[in-house]
Peer 1: 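Before I ask anything, let me first share the structure, which is written out below as structure tokens.
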Amino acid sequence: MKRRWGRFGVQIFGSDIQALSYSAQKVSKDFDIVDINMGCPAPKVVKNGDGSKLLQNLDLVGKIVEEVVKVSQAPVTVKIRKGWNKKEDVSIQVAKIIEQVGASLLTIHGRTRDEFFSGDVDLEAIKKVKEAVKIPVIGNGNIIDEESALKMFEYTGVDGIMIGRATMRKSMDI
Ligand SMILES: Cc1cc2nc3c(=O)[nH]c(=O)nc-3n(C[C@H](O)[C@H](O)[C@H](O)COP(=O)(O)O)c2cc1C
């Protein structure tokens with residue numbers, strides 16, 4: 001039975017459909033959301049074909065999300081980046097695939113893998129993704145204060161925002 005003292009999601013990552021299916025079945029019994037990480041840029045992750053590397057294999061993205069949706073007892077969401085690099089912006093394409101195979105929501109970090117965590121966030125790309133799908137879209141990247149949060153909402157029309165590093169920086173002063 002799911003915990004009732006709060007809402008908690010769990011994130012899984014990988015590129016092996018069977019392993020992801022197995023973990024989604026397990027964790028979806030105890031958590032309210034199963035999120036699939038398709039945005040991690042870390043070399044140790046992408047060298048195995050996981051995280052943001054999946055953005056170069058959209059066929060597999062579709063198969064993974066479809067399978068996880070099929071076995072999960074909780075709604076399935078996906079976290080993506082724009083693509084592998086600037087030449088390969090697949091954000092709209094991947095968002096449509098993710099929606100088509102049954103994900104309930106997607107979060108987009110407005111950078112490519114090769115940008116890691118630096119440089120500007122592409123609000124235009126986030127806006128286009130929001131316009132391309134009907135499922136809720138969460139915008140992410142460089143939100144550090146009220147102004148940047150408001151800008152993300154107003155410029156892109158996203159349904160929600162995700163704040164990463166600033167949550168730690170503010171509270172831990174790092
Ligand atoms: C140290 C570190 C670890 C992260 N781990 C994850 C993770 O496990 N899953 C995930 O979806 N994103 C992870 N991210 C990415 C953030 O969720 C977010 O997409 C990224 O930092 C951009 O947002 P920000 O500019 O608000 O930090 C991580 C980021 C950092 C810096």
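Read the numbers this way: they start at 1 and go in the same order the structure lists the ligands and their atoms. Below, all heavy atoms of this structure are taken into account, side chains as well, without hydrogens, waters or symmetry copies. The structure presented is a predicted model; accordingly, all values stated were derived computationally and were not measured. Sequence positions, counted from 1, serve as the residue numbers for this chain.
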Peer 1: If you have a sec, work out which protein heavy atom is nearest atom 7 (C) of ligand 1 and how many Å separate them, to one decimal?
Peer 2: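 Nearest protein contact, heavy atoms only, for atom 7 (C) of ligand 1 is Gln11 OE1, 3.5 Å.
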Peer 1: Would you say the side-chain atoms of Asp159 pair up with the backbone N or O of Ile138, donor to acceptor, closer than 3.5 Å?
Peer 2: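 Looks like no, no N/O pair under 3.5 Å.
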Peer 1: Taking heavy atoms and a distance under 4.0 Å, where does Asn142 meet ligand 1: side chain, backbone, both or neither?
Peer 2: both
Peer 1: Short check: is a protein heavy atom less than 4.0 Å from atom 21 (O) of ligand 1?
Peer 2: yes
Peer 1: At their closest point, which heavy atom of Phe116 faces which heavy atom of Arg111, and how far apart are they?
Peer 2: O-CD, 3.6 Å
Peer 1: Hey, is Lys82 close enough to Asp122 for a salt bridge, meaning N to O under 4.0 Å?
Peer 2: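 Yes, Lys82 and Asp122 are salt-bridged.
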Peer 1: For Ser91, run the side-chain contact (heavy atoms from CB on, under 4.5 Å) check against Val129, Ile126, Thr112 and tell me which one passes.
Peer 2: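 Result: among Val129, Ile126, Thr112, Val129 is the only option passing the side-chain contact (heavy atoms from CB on, under 4.5 Å) with Ser91.
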Peer 1: What I want to check is whether the side chains of Gln93 and Lys96 have a donor and an acceptor closer together than 3.5 Å.
Peer 2: no
Peer 1: Hey, which atoms in ligand 1 end up nearer than 4.0 Å to a heavy atom of Gly141?
Peer 2: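 The list of qualifying atoms is 23 (O), 25 (O).
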Peer 1: So, 4.0 Å and heavy atoms of Ala166: is ligand 1 close enough to count as a contact?
Peer 2: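 Distance cut 4.0 Å: Ala166 fails for ligand 1.
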Peer 1: Using a 4.0 Å cut-off to any heavy atom of Arg165, which atoms of ligand 1 qualify?
Peer 2: 21 (O), 24 (P), 25 (O), 26 (O), 27 (O), 31 (C)
Peer 1: Quick test: of every protein heavy atom, which one is nearest to atom 18 (C) of ligand 1, and how far off is it to 0.1 Å?
Peer 2: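 The closest one turns out to be Asn140 OD1, 3.3 Å.
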Peer 1: Determine, step by step, whether Thr107 and Asn140 satisfy the side-chain hydrogen bond (donor to acceptor under 3.5 Å, both in side chains) criterion, reporting the C-alpha distance in whole Å, the side-chain angles of both residues, the deciding distance to 0.1 Å, and the verdict.
Peer 2: CA-CA 7 Å; Thr107 303; Asn140 168 245; over 6 Å; no
Peer 1: Considering only non-hydrogen protein atoms, determine which one is nearest to atom 2 (C) of ligand 1 and report residue, atom name and distance to 0.1 Å.
Peer 2: Phe117 CZ, 4.8 Å
Peer 1: If I compare all heavy atoms of Ser72 with all of Val34, which pair ends up nearest, and what's the gap?
Peer 2: OG-CG2, 3.7 Å
Peer 1: Quick check on contacts: which atoms of ligand 1 are under 4.0 angstrom from a heavy atom of Asn37?
Peer 2: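 That gives atoms 7 (C), 9 (N), 10 (C), 11 (O) of ligand 1.
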Peer 1: Heavy atoms of the protein only: does one fall short of 4.0 Å from atom 10 (C) of ligand 1?
Peer 2: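 Yes, at least one protein heavy atom sits under 4.0 Å from atom 10 (C) of ligand 1.
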Peer 1: Among protein heavy atoms, which lies nearest atom 17 (O) of ligand 1, and at what distance?
Peer 2: Lys79 NZ, 3.1 Å
Peer 1: Under the 4.0 Å line, does any protein heavy atom show up next to atom 4 (C) of ligand 1?
Peer 2: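 Protein heavy atom within 4.0 Å of atom 4 (C) of ligand 1: absent.
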Peer 1: Considering only protein heavy atoms, which is closest to atom 26 (O) of ligand 1, and at what distance to one decimal place?
Peer 2: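 The closest heavy atom on the protein side is Gly164 N, 2.8 Å.
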Peer 1: Say whether, by atom type as modelled, one donor and one acceptor occur between the side chain of Ser52 and the main chain of Cys40 under 3.5 angstrom.
Peer 2: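 Checked: pair present.
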Peer 1: Got a donor-acceptor contact below 3.5 angstrom from the Thr156 side chain to the Met152 backbone?
Peer 2: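 The answer is yes, because a donor-acceptor pair under 3.5 Å joins these two groups.
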